[in-house]
Amino acid sequence: MTYVISPAPIPSVPVAGTAERFPIHRIYCVGRNYEEHAKEMGFTGREPPFFFMKPADAVLPVAAGETGKMPYPSLTANLHHEIELVVAIGKGGRNIAAADALQHIWGYAVGLDMTRRDLQNDMKKQGRPWSIGKGFDHSAPIGPITPAVQAGDVAKAGIWLQVNGADRQRSSVSQLIWNIAETIEHLSAAWELQPGDLIFTGTPEGVAAVVRGDVLEGGVEGLGTLRVEMV
């Protein structure tokens, strides 16, 4: 096959403990999926899950033991961190039942859904899409993907984030409003999931702004840590 321009490289994420990479197809994100975070954003209750997307090449892969360098993005004065458990899909499907959902998971990782909050809020007020607030370059830092068979009991794992060594976010994956299997069930009713899809499952309370020079370090129990410096 001949292309009129050179195809872009396939975005990918390291696999923990190996030299292999996990190729990315799409990035789905779940909004307001921890109750306390929903409250701090002005919402309450178990509303139906909703989703937004980031471009596949918005990932900022960070190898184990390294510190990723994230450029502070343009157009914003209010960049927020959101630590998240990321689910990596290895087997695609449509209308996947929650009871079958875990069979479709290849592995798990620690991720950050970085958000230009001021731009997102402006779009909300105008009833416009959030893309400029969520889908910008380098907006999805992510650590190595741990295969599901090695990840332990992720559904009950602690999740946390520190900025410059001080706690910002600390909770448990068990506090998800819509758990991992339910999220896959809802998501696959709207899109046919494909191998290589990533699902950012939502963030707990404590989101706040970061500035250049800040060092973010977070983790999910059993999946290691993700460390990113704002530059």
Side-chain angles (χ1 to χ4, degrees), residues 7-31 33 49-66 68 82-113 134-135 139-159 172-174 176-203 218-226:
I10 297 173
S12 64
V13 179
V15 173
T18 78
E20 296 180 312
R21 312 273 305 182
F22 185 90
I24 300 171
H25 176 248
R26 290 178 179 168
I27 300 175
Y28 298 98
C29 304
V30 189
N33 202 22
F50 70 93
F51 306 99
F52 57 92
M53 299 176 72
K54 293 176 182 276
D57 62 1
V59 290
L60 176 61
V62 181
E66 296 187 0
E82 298 189 9
I83 190 72
E84 310 209 3
L85 168 69
V86 181
V87 174
I89 297 296
K91 175 185 174 184
R94 185 188 297 277
N95 295 319
I96 299 167
D100 301 324
L102 300 188
Q103 302 172 25
H104 293 257
I105 297 173
W106 193 90
Y108 301 94
V110 182
L112 281 163
D113 167 18
K134 288 286 192 178
S139 62
I142 185 171
I145 296 175
T146 298
V149 294
Q150 302 173 17
D153 191 359
V154 171
K156 297 179 181 178
I159 181 171
S172 169
V173 176
S174 65
L176 283 169
I177 295 173
W178 298 93
N179 66 32
I180 297 165
E182 292 169 333
T183 294
I184 291 173
E185 180 176 74
H186 282 279
L187 189 60
S188 66
W191 292 273
E192 181 174 358
L193 295 182
Q194 300 290 336
D197 286 342
L198 298 180
I199 305 171
F200 280 63
T201 57
T203 195
V220 174
E221 186 179 1
L223 302 181
T225 59
L226 169 64

#### Entry: Step-by-step side chain to side chain contact (heavy atoms under 4.5 Å, CB included) determination, Met53 to Arg26
CA-CA 8 Å; Met53 299 176 72; Arg26 290 178 179 168; 3.8 Å; yes
Which pairs of donor and acceptor atoms, one on a side chain in residues 149-156, lie under 3.5 Å apart (sequence neighbours left out)?
none

### Message
For Leu85 and Ile180: C-alpha separation, side-chain torsions, deciding distance, then whether side chain to side chain contact (heavy atoms under 4.5 Å, CB included) applies.
### Response
CA-CA 10 Å; Leu85 168 69; Ile180 297 165; 3.7 Å; yes
### Message
Side chains of Leu60 and Leu112, heavy atoms from C-beta outward: is any pair under 4.5 Å?
### Response
no
### Task
Answer whether the closest heavy-atom distance between the side chains of Val13 and Val86 falls below 4.5 Å.
no
### Task
Check Pro144 against Ala63 and note the closest heavy-atom contact, atom names and distance.
CG-C, 4.2 Å
### Task
Answer yes or no: is there a side-chain heavy-atom contact under 4.5 Å between Thr201 and Trp178?
no
## Note on the structure
One should read off an interatomic distance between Ile83 CD1 and Ile159 CD1, to the nearest 0.5 angstrom, of 5.5 Å
#### Entry: Flag, side chain of Glu192 to backbone of Gly93, donor-acceptor distance under 3.5 Å
no
### Task
Go through the steps to decide whether Ile96 and His104 satisfy the test side chain to side chain contact (heavy atoms under 4.5 Å, CB included), and finish with yes or no.
CA-CA 9 Å; Ile96 299 167; His104 293 257; 3.6 Å; yes
### Message
How long is the straight-line distance from CG of Leu193 back to CG of Asn95, given to the nearest 0.5 Å?
### Response
10.0 Å
### Non-hydrogen atoms of Ala98 and Ala181 that approach each other most closely
O-CB, 3.4 Å
### Message
I'd like to check Lys54 versus Asp113 (side-chain heavy atoms, cut-off strictly below 4.5 Å). Are they in contact?
### Response
yes
### Heavy-atom closest pair, residues Ala97 and Glu185
CA-OE2, 3.6 Å
### Query
Can you tell me how far CD of Glu182 sits from CG of Asn33, rounded to the nearest 0.5 angstrom?
9.0 Å
### Summary
Shortest non-hydrogen pair, Ala140 vs Phe200, comes out as CB-CZ, 3.9 Å
#### Entry: Check: Lys134 main-chain N/O paired with Ser139 side-chain donor or acceptor under 3.5 Å
yes
### Query
Going through the distances and angles, do Leu198 and Phe22 end up as a side chain to side chain contact (heavy atoms under 4.5 Å, CB included)?
CA-CA 10 Å; Leu198 298 180; Phe22 185 90; 3.9 Å; yes
### Task
Looking only at non-hydrogen atoms, find the nearest pair between Tyr108 and Leu223 and report the distance.
CB-CD1, 3.7 Å
### Shortest non-hydrogen separation from Gly224 to Val110 and the atoms involved
O-CG2, 3.7 Å
### Message
Can you tell me how far apart OG1 (Thr183) and OH (Tyr28) are? Round to the nearest 0.5 Å.
### Response
13.5 Å
### Query
Just how far is it from atom CG of Asp100 to atom OG of Ser188, taken to the nearest 0.5 Å?
10.0 Å
### Task
Kindly write out the residues that satisfy salt bridge (charged side-chain N to carboxylate O under 4.0 Å, His left out) with Asp197, not counting sequence neighbours, or none if the list is empty.
none
### Query
Any side-chain heavy atom of Phe51 sitting closer than 4.5 Å to one from Ile199?
no
### Task
Determine yes or no for a side-chain-to-main-chain donor-acceptor pair under 3.5 angstrom, with Glu221 supplying the side chain and Gly158 the backbone.
yes
### Query
Going from CZ on Arg21 to CD1 on Ile145, what distance comes out if it is rounded to the nearest 0.5 angstrom?
9.5 Å
